[in-house]
Amino acid sequence: MNNLELLPIPLLEWYRENARVLPWRSDPTPYHVWISEIMLQQTRVAAVLDYYRRFLDELPTVAHLAAVEEDRLLKLWQGLGYYNRARNLQKAARQIMEDHDGAFPDTYEQIRCLTGVGDYTAGAIASIAFGIPVPAVDGNVLRVVARVTGDEGDILKGDTKARMGEALRAVMPVEAPGDFNQALMELGAMVCLPNGAPLCDRCPARDFCVARRTERIGELPVKTPKKPRRVEERTVFLIFYGEKVALRRRPKRGLLAGLWEYPNEQSPASCPVEAATLADGPAGRHIFTHIEWHMGSILVEAAGERLPEGWVWVGREELARDYALPNAFRAFRETVERRLGGEDPWQSSIFDMV
DNA sequence: AACGCGGGGAG
DNA sequence: CTCCCAGCGTT
């Protein structure tokens, strides 16, 4: 069909010499592979390592995951992003307990039915954990295949993904589907790098890569640009009472759904509780994929203990242990910790603004 | 077929 | 700054 059939043998040889040692590769049970694959969605290996260890340490089986408190689950996920992944993980764990009597499903179709498991992840689990010869087409694989075959299709489009998946299925080595899929991803992550900076001299496909032979490495893969971010101005209210700070829970849907936050509004004039303003706090800036928050902050002392429904007063220890606070609020962490520790919060808060 | 959804590392 | 990462669910 195309030169892709030249890839498996040199790729597998390269992989056996160059595969990184990763915790989910040492004991690739279905549960281990599943957790790692969900964490790795749109997330680099380096960012996942610590989360993976802590997660499996506390939730070593599907049954543990199915039973854990949701707030505890979100705390384990705090800072990793895309928090619906964590909730979907638990939904799927409960599916496994109820529909499969606690045994991880062992066909591609059944795995694909789990909440949070799409085409890619189903292929990864099926091939790596069960040796089923199905492709696992992620961003790395799309880039590698686009370059090796010289495919000019937009890799964000469904038909391009489907075409590349079928091309891979046709050359899949049935004796090593898991290694083949992981080798493709490893090659994309370590050698066939994006943005026209690949290390072609180390590539097992260098002799037959179409993009290299036709000098189109810088132009492949083809990918439609994404739309620009919008900027949102927010004023964050750091509200204290004694040695506690006010937190509220974000809505169940949308950005940072279900996580905790310091109360914040669009305008600095709309402090949500009756309080005396004490000082301006540090500024913060946080860039999401599609939104950019520009945050000012105001330190206030509440007039009384009463809070709106669903808000809570939290001390320093509980904040660190029990409440999943997104990294977007990192700029205020030092200030809040100092105040909750009984120090003068704005004495040194100027340092937070650097 | 678009869009929303985090956070961080590399160039 | 920009790009992109072992993508998925919703609309």
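These numbers were taken from a predicted model, which means no experiment stands behind them. Just so we're on the same page: letters track the sequence lines, and every chain starts at 1. Only this structure's heavy atoms are used, side chains among them; waters, hydrogens and symmetry mates stay out.
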Problem set entry | Options B:dG6, B:dG8, B:dA2, nucleotide nearest the side-chain atoms of A:T289 | B:dG6
Exercise. Between A:E292 and A:Q182, which is nearer to the 5' end of DNA chain C once each is assigned its nearest nucleotide?
Worked result: A:E292
Exercise. Which listed nucleotide (C:dA6, B:dG6, C:dT10) is nearest to the side chain of A:F288?
Worked result: B:dG6
Exercise. Looking for any heavy atom pair under 4.0 Å, which part of the strands does A:W24 touch: base, sugar-phosphate only, or nothing?
Worked result: base
Exercise. If you draw the axis of the six-membered ring of A:Y83, does the NZ or CZ of A:R85 fall within 45° of it and under 6.0 Å from the ring centre?
Worked result: no
Exercise. Heavy-atom distance under 4.5 Å between the side chains of A:L40 and A:W24, does that happen here?
Worked result: yes
Exercise. What is the nucleic acid contact for A:L142, judged by heavy atoms within less than 4.0 Å: base, sugar-phosphate only, or nothing?
Worked result: nothing
Exercise. Of all the nucleotides listed (B:dG7, B:dG6, C:dA6), which has the minimum atom distance to the side chain of A:L255?
Worked result: B:dG6
Problem set entry | Interatomic distance where CZ belongs to A:R253 and P belongs to C:dG9 [whole Å] | 14 Å
Exercise. Just to confirm, is there a sub-4.0 Å distance from OP1 or OP2 of B:dG6 to any side-chain nitrogen or oxygen of A:R229?
Worked result: no
Seminar exercise, completed: In whole angstroms, the gap separating P of C:dG9 from NZ of A:K252 amounts to 19 Å
Problem set entry | Given A:V245, A:N264, A:L299, A:V236, the one that forms side chain to side chain contact (heavy atoms under 4.5 Å, CB included) with A:F332 | A:V236
For this session: Could you check how far CG of A:L114 sits from C1' of C:dG7, rounded to whole Å?
Result: 15 Å
Problem set entry | Side chain A:T121 and base C:dG7 donor-acceptor under 3.5 Å | no
Seminar exercise, completed: Note: for A:R25 and A:G116 on DNA chain C, the residue whose nearest nucleotide lies more 5' is A:R25
For this session: For the pair A:K161 and A:D119, evaluate side-chain contact (heavy atoms from CB on, under 4.5 Å) and give the outcome as yes or no after the intermediate values.
Result: CA-CA 10 Å; A:K161 292 182 188 179; A:D119 291 340; over 6 Å; no
For this session: Considering just the side-chain nitrogens and oxygens of A:K227, establish if one lies under 4.0 Å of OP1 or OP2 belonging to B:dG4.
Result: yes
For this session: Examine C:dC8: is either OP1 or OP2 under 4.0 Å from a nitrogen or oxygen in the side chain of A:T115? Give yes or no.
Result: no
For this session: Check every strand shown and say whether A:A328 touches a base, only sugar-phosphate, or nothing at a heavy-atom separation below 4.0 Å.
Result: sugar-phosphate
Exercise. Whole-Å distance between C:dC4 P and A:N140 CG?
Worked result: 12 Å
Exercise. Are A:L6 and A:V148 close enough, and set up right, to give a side-chain contact (heavy atoms from CB on, under 4.5 Å), and what steps lead you there?
Worked result: CA-CA 10 Å; A:L6 300 175; A:V148 171; over 6 Å; no
For this session: Name the orientation class of the two ring planes belonging to A:F288 and A:H290 (parallel below 30°, tilted from 30 to 60°, perpendicular beyond 60°).
Result: tilted
Problem set entry | Close residues, residues 30-57 of chain A, relative to DNA chain B [heavy-atom separation under 4.0 Å] | A:Q42, A:T43, A:R44
Exercise. Which residues, if any, of residues 73-95 of chain A bring a heavy atom under 4.0 Å of DNA chain B?
Worked result: A:G79, A:L80, A:G81, A:Y82, A:Y83
Problem set entry | Out of C:dC4, B:dG8, B:dG6, whichever nucleotide has its closest atom nearest the side chain of A:N327 | B:dG8
For this session: Group every Ile, Leu, Val, Met, Phe, Trp and Tyr by side-chain heavy-atom contacts under 4.5 Å, then state whether A:L187 and A:L12 land in the same group.
Result: yes
Exercise. Between A:L238 and A:V336, is any pair of side-chain heavy atoms under 4.5 Å apart?
Worked result: yes
For this session: Could you tell me whether the phosphate oxygens of C:dC5, OP1 or OP2, come under 4.0 Å of any side-chain nitrogen or oxygen in A:R143?
Result: yes
Seminar exercise, completed: With the side chain defined as heavy atoms from C-beta on, A:L256 is closest, among B:dG7, B:dA2, C:dA6, to B:dG7
Problem set entry | Below 4.0 Å: OP1/OP2 of C:dC5 and any side-chain N or O of A:K223 | yes
Exercise. Do any of residues 171-181 of chain A sit with a heavy atom less than 4.0 Å from DNA chain B, and if so which?
Worked result: none
For this session: Answer yes or no: is there a donor N or O on one side and an acceptor on the other, between the side chain of A:R143 and the main chain of A:C192, under 3.5 Å?
Result: yes
Problem set entry | Whether A:R147 side chain and A:C209 backbone form a donor-acceptor pair below 3.5 Å | no
Problem set entry | Between A:E37 and A:Y120: side-chain donor-acceptor atoms closer than 3.5 Å | yes
Exercise. Closer than 4.0 Å, any side-chain N/O of A:H290 to the OP1 or OP2 of B:dC5?
Worked result: yes
Exercise. Can you tell if the side chain of A:R234 reaches within under 4.5 Å of the side chain of A:H294, non-hydrogen atoms only?
Worked result: no
Problem set entry | Closest to side chain of A:P194, choosing from B:dG8, B:dG4, C:dC4 | C:dC4
Exercise. Which whole-number value in Å describes the distance from A:L156 CG to C:dC5 C1'?
Worked result: 13 Å
For this session: Output yes when a side-chain donor or acceptor of A:R212 lies under 3.5 Å from a complementary backbone atom of A:A205, and no otherwise.
Result: no
Exercise. Heavy-atom count around A:R229 CZ within 6.0 Å, excluding the residue itself: above 12?
Worked result: yes
For this session: Have a look at A:G254 and say if it touches a base, only the backbone sugar-phosphate, or nothing, with a 4.0 Å heavy-atom cut-off.
Result: sugar-phosphate
Seminar exercise, completed: A:K226 NZ to C:dT2 C1', in whole Å, measures 8 Å
Exercise. In whole Å, what is the span from the CG atom of A:N195 to the P atom of C:dT2?
Worked result: 13 Å
